[in-house]
Amino acid sequence: MARYNPKETEPKWRKAWADADVFKAGPPTPGVPKYYALEMFPYPSGRLHMGHVRNYSLGDVVARYKRARGFNVLHPMGWDAFGLPAENAAMERGVDPRGWTYDNIAKMRAELKELGLSIDWSREFATCDAAYYGKQQDWFLDLWKRGLVYRKESIVNWDPVDQTVLANEQVVDGRGWRSGAVVEKRKLNQWFLRITDYAEELIEGLKTLDRWPDKVRLMQENWIGRSKGLKFNFGWASEAPKGFEAGLEVYTTRPDTLYGASFVGIAPDHPLAEQLAADPKVAAFIAECRKGGASEAEIETAEKIGFDTGLTVAHPFDPNWRLPVWIANFILMDYGTGAIFACPAHDQRDLDFARKYDLPVKAVVLPPGEDAATFTVGDEAYTGPGTIFHSDFLDGLEIEPAKAAAIARIEAQNQGKGATVFRLRDWGVARQRGWGCPIPVVHCAKCGVVPLPKDQLPVVLPDDMDFSKPGNALARHPTWKNASCPQCGAEATRETDTLDTFVDSSWYFARFTDTEAAEPINKAAADYWLPVDQYVGGIEHAVLHLLYARFVTRALGDEGMLSVREPFAGLFTQGMVTHETYRRAQSGEWVEPKEVEILAEDGKRQARSLETGEALVIGDIEKMSKSKRNTVAPEEIFEVYGVDAARLFVLSDSPPERDTQWSAAGVDGAWRFVNRVWNEFDSQPAGAAPAPSPDPKADELRAFTHRTIKAVTEAVETFRFNSGIARMYEFLNKLKEFPADKATAPVLAARQEALSAFARLISPFTPHLAEEAWARIGGDGMVVSAPWPAYDATLTQDAVKVLPVQVNGKRRGEISVAAGLEPADVEKIVLDDPEIARRLEGLAIKKVIVVKDRIVNIVAG
RNA sequence: GCCGCCGUAGCUCAGUGGUAGAGCGCAUCCUUGGUAAGGCUGAGGUCGGCAGUUCAAUCCUGCCCGGCGGCACCA
């Protein structure tokens, strides 16, 4: 018997796969069923972490399984390679970001290859390859022509640490998602993609994504934030301000409460407010509003402040009713029209404001059970259901009919229209960074912003940028920006902003379908391969990347480059890899797991430092991170246990969507499993008959084999990999009941069948071990190309069922009956059973419930 | 505050309207030429709490408790 030696075995099989080029996707062939398995491509940080191991192992199980199922599988890999870490490395260490990035890619590629992933490496690319980002510039110009790209002077989220603009999606709790710095508001000329044009379709499309987690769909739905209401104009009661003669347009979702109107409010950066800022008092107030940060705490505690402009408007349903116009800090310019009518009785924000400035509070929704004569609103606005009152023609209506009636009246008066409004804002895509995809336009003094003709693409980054100081290295390059205007030929300046890296990742899956295409996307290839059948990645991209990719897919589709509307038919979001934390008792200093020894004393787990022997405090289980020093380096695990054990453990311990806890004991267990599996294969004598023959013992094993095939197949299909692995642990334990050295010929044959299935079942999880095992039992070719085992349904069912018998819901015995026996027959057997009869002595039988093949319950009293 | 998810053995988790399960860990014993191991056996659970529906609830419903996530001055 030879011990299983992954150090020899694993590289051997990886080489065999590479030599046979087994993972190369077949050509797009209509009629040949395809499967596109994709994991979110990594940022090339230079080092693989356990999160990567989990992510790519999960995707690999799917890819290998589908290959065994006979699909033409596309399973590519690439690099999301632009971005700030390269610039930071350049600034800190004086290295070139390009060289640093490609070095990292080389290191990570080697580590990923070691994982034994079934990747088609011939399609690899990095987003920082000019061959890729040049194509991105190409379609960017197409979208420009389509009117989906625009520039606008606007207030943007400015990250003072990274010195760049951030999209709304990249601001988390008022802080930059990467830097963690409190985001400032700045007014800049910005580049936008018109994602809001697709808001309705993006929200509707979610309904079709039945293989996405509900959670992610819900998060996107909330983010897009559709609300239905009314946009209408208030006519002026005072003299109309210049430019606003048509009135003041507001948006509301509560037109039913119009008779509860108290005042009209506009945002501090509303054009009207800016016009009124000619008055220094108004200007001072607006400046006051701009103070205060965007952080959660600041917004939460910010007091509502307002300024009465002295202007008044007329109520739409009563021309004699005048409402004052206030500037209020709680009104957002970029939602709706930046102006509202306030109904303090039924909106908490309006109420807070009205109480502060002593404005009227008039209730118009009567809660059920309240008396119209006595109902009043105190400091809490009433937002619940009820009946409209004090509201003329709306009186007596419920809220929804009242909304409809109010909208109809406003529309009849030609003062406005029912309107759907979205929370989603257009996507600000320009970043003031040097290490990104250049925006392919020039600025000409005469012609303005001019897109470059496509024959001038790609606009390539210079390779001698100065990253020694913060800020935009591209902008301060001495010569790069010099160009000539394609329209008038005069001297012009290149745009020095680059695109958000989320643009890079919003279409890479389409490029993977043909990485050599002259066009950005080879439509025939994309039509064959897309949508991605299974996409696997982290939940942190639920809104950002996944929303942008859905948008870009639609935009490119409308440009005729793609046929699918949804890029990812199936999405799986995996949980994080966590680990216990350890720290020194006195200093509180974090200690790495590899420097810790775990002991059991008095049945309790104790941690001790391997270096000093001191007792350590075992802390919480947290996401692996450098700051908590609770990381485990994958390469060190591979070195000790082999890749398969690491893959197996990371797949076995928890359902894939949940966090999984890495532990030394756990990977140890996986390693022992690998060895026990090998021993079982190794003990099988060569030349065992492949065809099992009837024999009670052999039949028992065969039944178990086929039940396991069924269970594992279903587990893999439904992403319950941990359950599938648990079934294989059981399978192995069952096999041990039939040791080869004591087996009869029929049992040996059944073992051969079991092992043949086993090797194929474990192949997606522990591919190297599976190859070695497959070879050991004389399997045909490599297991990677072997078909998935089929099960015989007749063997997965028992011939005899043991049914528990309950009396009044309590278990009182059991009977054995033929499987599938009809309830009436079962009832007869049960009632004839002497043991059951004894239990029923002195009781009158009221009812007998028989659930076929499951249970019998006798109700008696 | 609003929306959502989770709570089953020491740990990580399956599971089902009908006999409570797996892996790891733990304990006992065996093996000591598979030995930086292997094997046998076993203990351990008011299925978060309370109520309801049902012949029967860990499972369905409601409320509560605990943990986690998303959104948040979005009119």
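Lettering of chains follows the sequences in order, A, B, ..., and the numbering in each one begins at 1. All values below come from the heavy atoms of this structure, side chains included, with hydrogens, waters and symmetry mates left out.
At least one side-chain nitrogen or oxygen of Arg720(A) sits closer than 4.0 Å to the OP1 or OP2 atom of G15(B).
Taking the centre of each ring, Phe649(A) and Trp662(A) come in below the 6.0 Å mark. A distance below 6.0 Å separates the ring centres of His315(A) and Tyr259(A).
U16(B) and C47(B): their C1' atoms are spaced 12 Å apart (whole Å).
Residues satisfying the side-chain contact (heavy atoms from CB on, under 4.5 Å) criterion with Glu249(A), sequence neighbours excluded, are Lys231(A), Asn233(A), Thr337(A). With sequence neighbours excluded, the residues forming a side-chain contact (heavy atoms from CB on, under 4.5 Å) with Pro685(A) are Ala740(A), Leu748(A), listed by chain and number. With sequence neighbours excluded, no residue forms a ring pair (Phe, Tyr, Trp, His ring centres under 6.0 Å) with Phe638(A).
For Arg672(A), whose side chain is taken as the heavy atoms from C-beta onward, the closest listed nucleotide among G38(B), G23(B), A75(B) is G38(B).
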Go ahead and write out RNA chain B as dot-bracket, 5' to 3': ( ) for pairs within the strand, [ ] for ones crossing earlier pairs, | when the partner sits on another strand, dots for unpaired; Watson-Crick or G-U wobble, both distances under 3.5 Å.
-> (((((((..((((....[..)))).((.((.......)).)).....(((((..]....))))))))))))....
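The nearest heavy atom of RNA chain B to Lys736(A) and to Thr252(A) marks one nucleotide each, and the one closer to the 5' end goes with Lys736(A).
Taking the ring axis of Phe353(A) as reference, the NZ or CZ atom of Lys304(A) does not stay both within 45° of it and closer than 6.0 Å to the ring centre.
Arg423(A) has its CZ atom 8 Å from the P atom of C71(B), to the nearest Å. Between the CZ atom of Arg676(A) and the C1' atom of G34(B) there is a distance of 15 Å, rounded to whole Å. With rounding to whole Å, Phe721(A) atom CZ is found 14 Å from A14(B) atom P. Taking atom CG on Leu547(A) and atom C1' on G70(B), their separation rounds to 14 Å, with Å as the unit.
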For Lys403(A) and Leu230(A), run side chain to side chain contact (heavy atoms under 4.5 Å, CB included): C-alpha distance rounded to whole Å, both residues' side-chain angles, the deciding distance at 0.1 Å, then the answer.
-> CA-CA 9 Å; Lys403(A) 282 181 183 173; Leu230(A) 170 69; over 6 Å; no
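Here salt bridge (Lys or Arg N to Asp or Glu O under 4.0 Å) pairs that include residues 661-672 of chain A, with residues two or more places apart or in two chains, are Asp668(A)-Arg672(A).
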Sort me out a list of protein N/O and nucleotides 3-9 of chain B N/O pairs below 3.5 Å, or just none if empty.
none

